[in-house]
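Inspection log for the structure reproduced underneath, given as structure tokens.
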Amino acid sequence: MSKIGIDIEKAKQILQNGGLVAIPTETVYGLAANALDKDAVLKIFEVKNRPHFDPLIIHTNSLEKAKLWVTEFPKWAEKLANAFWPGPLTILLPKRNIPDIVTSGLEQVALRIPNHRLTLDLLEALDFPLAAPSANPFGYVSPTKPVHVSAQLQDKVDYIMDGGDCEVGIESTIVGMEDGKLCVFRLGGLAIEDIEKVAGKVEIRLNQSSNPKAPGMLKNHYAPKKPLVIGDIASLLKEHSSKKIGVISFKTDFGQKQQQVLSKKGDLSEAAHNLFSAIRTLDDSDVELIVAERFPDDLLGRAINDRLERAAAK
Ligand code: TXA
Ligand code: MG
């Protein structure tokens with residue numbers, strides 16, 4: 001039987017028996033296990049080669065179910081959940097009945113309801129939530145197509161649910177309450193501007209250190225194998241004229257053999273959708289250096305810049 005498909009019953013059986021299933025979400029593909037089964041969760045860390053201090057997000061398919069895993073679901077969180085779930089928003093809340101391995105021993109759990117029909121149907125069929133990090137080896141770019149998952153993890157997962165291309169293409173935005181303030185801990189697929197329309201001003205607290213509290217924020221977390229530099233593309237092409245260069249641009253055609261224009265019409269959501277796939281394509285090509293331009297610093301441009309900066313950090 002094929003390892004890739006859309007068989008929800010098969011995925012359910014595997015997960016019930018402690019196996020791993022790659023699941024599509026609107027952001028990126030996840031590597032899922034039964035969040036209440038410590039041994040199954042342990043396999044996620046092993047397969048990804050992920051350090052145990054890096055906690056996992058819990059996925060459910062209803063607010064009611066999400067409430068089972070927290071000691072309280074405060075008003076501010078409910079407001080955000082009602083506005084943006086299912087969707088690319090992860091909320092940090094005080095945990096209840098979730099194994100320590102999932103949260104790396106932290107007091108809070110990260111929760112979200114993803115917006116993908118196949119995965120919502122799977123979650124509906126399960127009587128446990130799914131712990132799922134992005135389905136890539138630790139430190140590499142997140143997968144946004146089934147082929148990205150199979151290329152790197154084919155032998156290590158029991159089944160890959162084929163949900164097509166991820167619509168948003170960039171990981172969820174992570175929010176939580178700190179010092180009485182609503183904070184964004186990871187820029188992602190839900191724009192700050194949209195959150196602020198519902199919740200008022202938010203503070204951006206991205207942890208940049210090398211030993212962060214939220215380790216998804218490690219500086220070089222999205223590193224391709226090839227070196228990547230950010231700046232003015234025309235000058236970078238001149239400066240590195242002796243090298244084979246791959247270009248990542250927002251909307252401009254630089255006439256290069258290896259180039260990825262993320263949105264010809266200049267749409268930041270479309271650019272986010274294409275970003276990780278573009279990085280992978282260039283990383284797998286014969287280029288020696290990837291050069292990317294800085295994106296406008298609003299809407300999803302902020303998350304795109306964040307991922308490019310982390311990819312550039314060595
Ligand atoms: O869009 C997404 O969020 C995707 C899909 C699959 O849902 N998941 C994802 O997971 O990006 P991952 O594991 O690659 O990144 C999750 C990050 C962690 O690295 C950490 O920074 C933060 O979420 N996180 C998870 N649990 C946390 C907790 N209890 N406290 C603080 N940060 C947490
Ligand atoms: Mg990840």
Side-chain angles (χ1 to χ4, degrees), residues 23-30 32 35 55-70 72-95 98 102-103 106 108-120 123 129-135 142 144 163 166-178 181-207 213-217 221 268-269 272-273 275-276 298-307:
I23 55 166
T25 82
E26 80 285 26
T27 58
V28 301
Y29 271 76
L56 308 177
I57 296 173
I58 295 280
H59 300 70
T60 66
N61 67 314
S62 73
L63 188 54
E64 221 181 313
K65 283 192 191 170
K67 286 179 177 171
L68 297 173
W69 313 113
V70 297
E72 57 160 346
F73 209 103
K75 279 260 153 35
W76 64 267
E78 191 140 351
K79 213 165 152 190
L80 288 172
N82 284 329
F84 300 116
W85 280 358
L89 176 73
T90 293
I91 306 178
L92 295 174
L93 291 171
K95 76 164 182 174
I98 291 290
V102 172
T103 59
L106 298 172
Q108 294 200 314
V109 62
L111 286 169
R112 95 177 184 99
I113 301 181
N115 191 13
H116 193 293
R117 194 67 260 161
L118 210 54
T119 292
L120 287 171
L123 286 163
L130 292 176
S134 51
S142 297
T144 56
C166 300
E167 203 173 310
V168 174
I170 207 157
E171 301 85 349
S172 60
T173 302
I174 302 180
V175 299
M177 203 48 92
E178 204 171 66
K181 287 182 189 134
L182 183 62
C183 298
V184 167
F185 298 106
R186 177 174 73 180
L187 295 166
L190 180 65
I192 305 256
E193 288 87 339
D194 290 332
I195 296 176
E196 290 189 329
K197 274 182 212 150
V198 171
K201 194 92 193 110
V202 302
E203 197 160 305
I204 302 176
R205 292 194 182 171
L206 311 178
N207 202 328
K213 198 174 92 185
M217 302 286 82
H221 197 67
L268 286 168
S269 297
H273 169 85
L275 177 69
F276 288 155
D298 62 354
L299 300 171
L300 295 198
R302 285 196 237 201
I304 294 174
N305 285 331
D306 172 85
R307 299 306 187 271

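Throughout, numbering of the chain's residues begins at 1 and tracks the sequence.
Qualifying side-chain hydrogen bond (donor to acceptor under 3.5 Å, both in side chains) partners for Ser269, counting only residues two or more places apart in sequence or in other chains: none. Residues satisfying the side-chain hydrogen bond (donor to acceptor under 3.5 Å, both in side chains) criterion with Asn115, sequence neighbours excluded, are absent altogether. In this structure Glu78 satisfies the side-chain contact (heavy atoms from CB on, under 4.5 Å) test together with Leu63, Lys67, Phe73, Asn82, sequence neighbours excluded. With sequence neighbours excluded, no residue forms a side-chain hydrogen bond (donor to acceptor under 3.5 Å, both in side chains) with Thr173. Qualifying side-chain contact (heavy atoms from CB on, under 4.5 Å) partners for Asp194, counting only residues two or more places apart in sequence or in other chains: Phe84, Leu190, Ala191, Lys197.
Atom OG1 of Thr119 is separated from atom CD1 of Ile113 by 13.0 Å, given to the nearest 0.5 angstrom. Between Leu106 atom CG and Leu92 atom CG the span is 9.0 Å, to the nearest 0.5 Å. In this structure, CG in Leu275 is found 10.5 Å from CG in Leu300, a value given to the nearest 0.5 Å. How far CD1 of Ile170 is from OG of Ser134: 12.0 Å, rounded to the nearest 0.5 Å. For the atom pair CG of Leu120 and NE2 of His59, the computed distance is 10.5 Å after rounding to the nearest 0.5 Å. In this structure, Trp76 CH2 and Leu182 CG are separated by 6.0 Å, a value rounded to the nearest 0.5 Å.
Contact of the Arg302 side chain with the Glu193 side chain is registered, since non-hydrogen atoms from C-beta on lie closer than 4.5 Å. Side-chain contact check for Asp298 versus Leu268: some heavy-atom pair is nearer than 4.5 Å. Between Ile195 and Leu89, some side-chain heavy-atom pair lies under the 4.5 Å cut-off. Counting heavy atoms from C-beta on, the side chains of Glu26 and Ser172 never come closer than 4.5 Å. Side-chain atoms of Leu93 and Pro74, non-hydrogen and from C-beta on, do get closer than 4.5 Å to each other. The shortest side-chain heavy-atom distance between Arg112 and Trp85 falls under the 4.5 Å cut-off. Considering only heavy atoms from C-beta on, Val175 stays 4.5 Å or farther from Val202 through its side chain. A 4.5 Å side-chain heavy-atom check between Ile23 and Pro114 finds every atom pair outside the cut-off.
Across all their heavy atoms, Tyr29 and Cys166 have their closest contact at CD1-SG, 3.4 Å. Closest approach of Leu130 and Ala32 over heavy atoms only: CD1-CB, 4.0 Å. The shortest heavy-atom contact between Ile58 and Pro129 is CG2-CB, 3.7 Å. In plain terms, the two heavy atoms of Ile91 and Ala77 that are nearest each other are CD1-O, 3.8 Å. Closest approach of Leu80 to Ala199, counting heavy atoms only: CD2-CB, 4.0 Å.
Applying the salt bridge (charged side-chain N to carboxylate O under 4.0 Å, His left out) test to residues at least two apart or on different chains, the pairs with a partner in residues 166-177 are Glu171-Arg307.
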